**Q** 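Dropping the structure in here first, questions after.
Small disclaimer: the values here were computed from a predicted structure and weren't measured. What's counted below: heavy atoms across the whole structure, side chains too, no hydrogens, waters or symmetry copies.
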Amino acid sequence: MKVLAALSGLTGVVAQARELRDAGVDGVFTFEGPHDVFAPLTLAAGVGGLDLMTNVAIAFPRNPIHLAHQANDHQLLSGGRFILGLGTQVRTQIEKRFGAAFDRPVDRMVELVSALRAIFESWNTGVRLDFRGDYYRHTLMTPTFSPGPNPYGAPPIFIGALGPLLTRAAAEHADGLLVMPFSTKRFLHQNTLPAVRAGLDRAGRRAEDFTVVPEIIVATGATEAQRQAAEAATRTLLGFYASTPAYAPVLAAHGWQDLQPELNALSKQGRWAQMGALINDEILHTIAACGTPAQVAARIRDRVDGVADTVCVYQAAPIAPALIGEIVANLR
């Protein structure tokens, strides 16, 4: 089992990455939060011996050329151990926070992946860049701006998805799927995997040519008090996720669909502190892996057995590298 852990913050990233590596973690990933998604990975690349992944970089506000340069550079810095994970985000965030377009997000994401592949091919083979799509157009690549062939090849492109259309498109066009952390074993098997199989069938691809990487929210601690504090932070995180309409299908899979509009109303009132209280024990333990490191490992294994041999461990609050190392050791 390969395990990637989240890098938290921007200060002390090198030390954090080194401690995680020494604890047995295979790689580190970042998410699009209060800091740039690529900057911590640039620093972590200097540690060596770690896979690097954006999980995820929000795609639509970025131009494919910008993404291609960042991905290619990190592929070089990591010695061929970089994965470009892309996500759509939701309409409100894209249009109101980023000021970018969100129309036809599945088609736009598919075309963006195709544009990236065309750019990588131009750099690596010297073929003339001539990509013309509905959303992106790239027809010029002079030697001054081409990094040339990457000795490690083009980095793989993974797509983060939840809904059936984007999940199917990821399996049809990308190298891997990043399963969103707000998910459950039932949703994974009843919703996600059937969409993956449909996408692979449409593309005539084999399952072994595609990587599924679940991201699992973890709450643990060295003491009972620490574990309770971690669970409280996780309830708050789940309350935030569950308030978003995009995640309603996960709740509906368990008959919890009435929770989403209630949490959404609280979020619009700015009553963030009250949202976590609506996440009961059943919801908490169905979505997150909670308990001692050994219990967490057992719950991760139960979620991904037969589905994936790589997982991303995501925590609502930072977990000591030694504890993550215990989870890794138990998984193996």
**Q** Looking at Arg81 and Asp51, is there a salt bridge between them, counting it only when a charged N and a carboxylate O are closer than 4.0 Å?
**A** yes

**Q** Is any side-chain heavy atom of Leu116 less than 4.5 Å from a side-chain heavy atom of Leu112?
**A** yes

**Q** In terms of side-chain geometry, is the basic nitrogen of Arg108 or Glu111 positioned less than 4.0 Å from the acidic oxygen of its partner?
**A** no

**Q** Salt bridge between Asp302 and Arg186, side-chain N to carboxylate O under 4.0 Å?
**A** no

**Q** Distance only, no hydrogens: is a donor on one side chain within 3.5 Å (strictly under) of an acceptor on the other, for Ser114 and His173?
**A** no

**Q** When you check the side-chain N and O atoms of Ser8 and Gln16, is any donor under 3.5 Å from an acceptor?
**A** yes

**Q** Check this for me: does any side-chain nitrogen of one of Arg168 and Asp201 sit under 4.0 Å from a carboxylate oxygen of the other?
**A** no

**Q** As an exercise, state the distance from CG of Leu177 to OG1 of Thr167, rounded to the nearest 0.5 Å.
**A** 5.5 Å

**Q** Relative to the ring of Tyr247, is the ring of Tyr241 parallel (under 30°), tilted (30 to 60°) or perpendicular (over 60°)?
**A** perpendicular

**Q** For the residue pair His74 / Thr42, report whether a side-chain donor-acceptor contact shorter than 3.5 Å exists.
**A** yes

**Q** Check this for me: does any side-chain nitrogen of one of Asp305 and Arg301 sit under 4.0 Å from a carboxylate oxygen of the other?
**A** yes

**Q** For residues Leu20 and Ile217: do they belong to one hydrophobic cluster (side chain heavy atoms under 4.5 Å, members Ile, Leu, Val, Met, Phe, Trp, Tyr)?
**A** yes

**Q** May I have the step-by-step check of side-chain contact (heavy atoms from CB on, under 4.5 Å) for Met53 and Leu178, ending in yes or no?
**A** CA-CA 11 Å; Met53 177 195 291; Leu178 298 173; 3.7 Å; yes

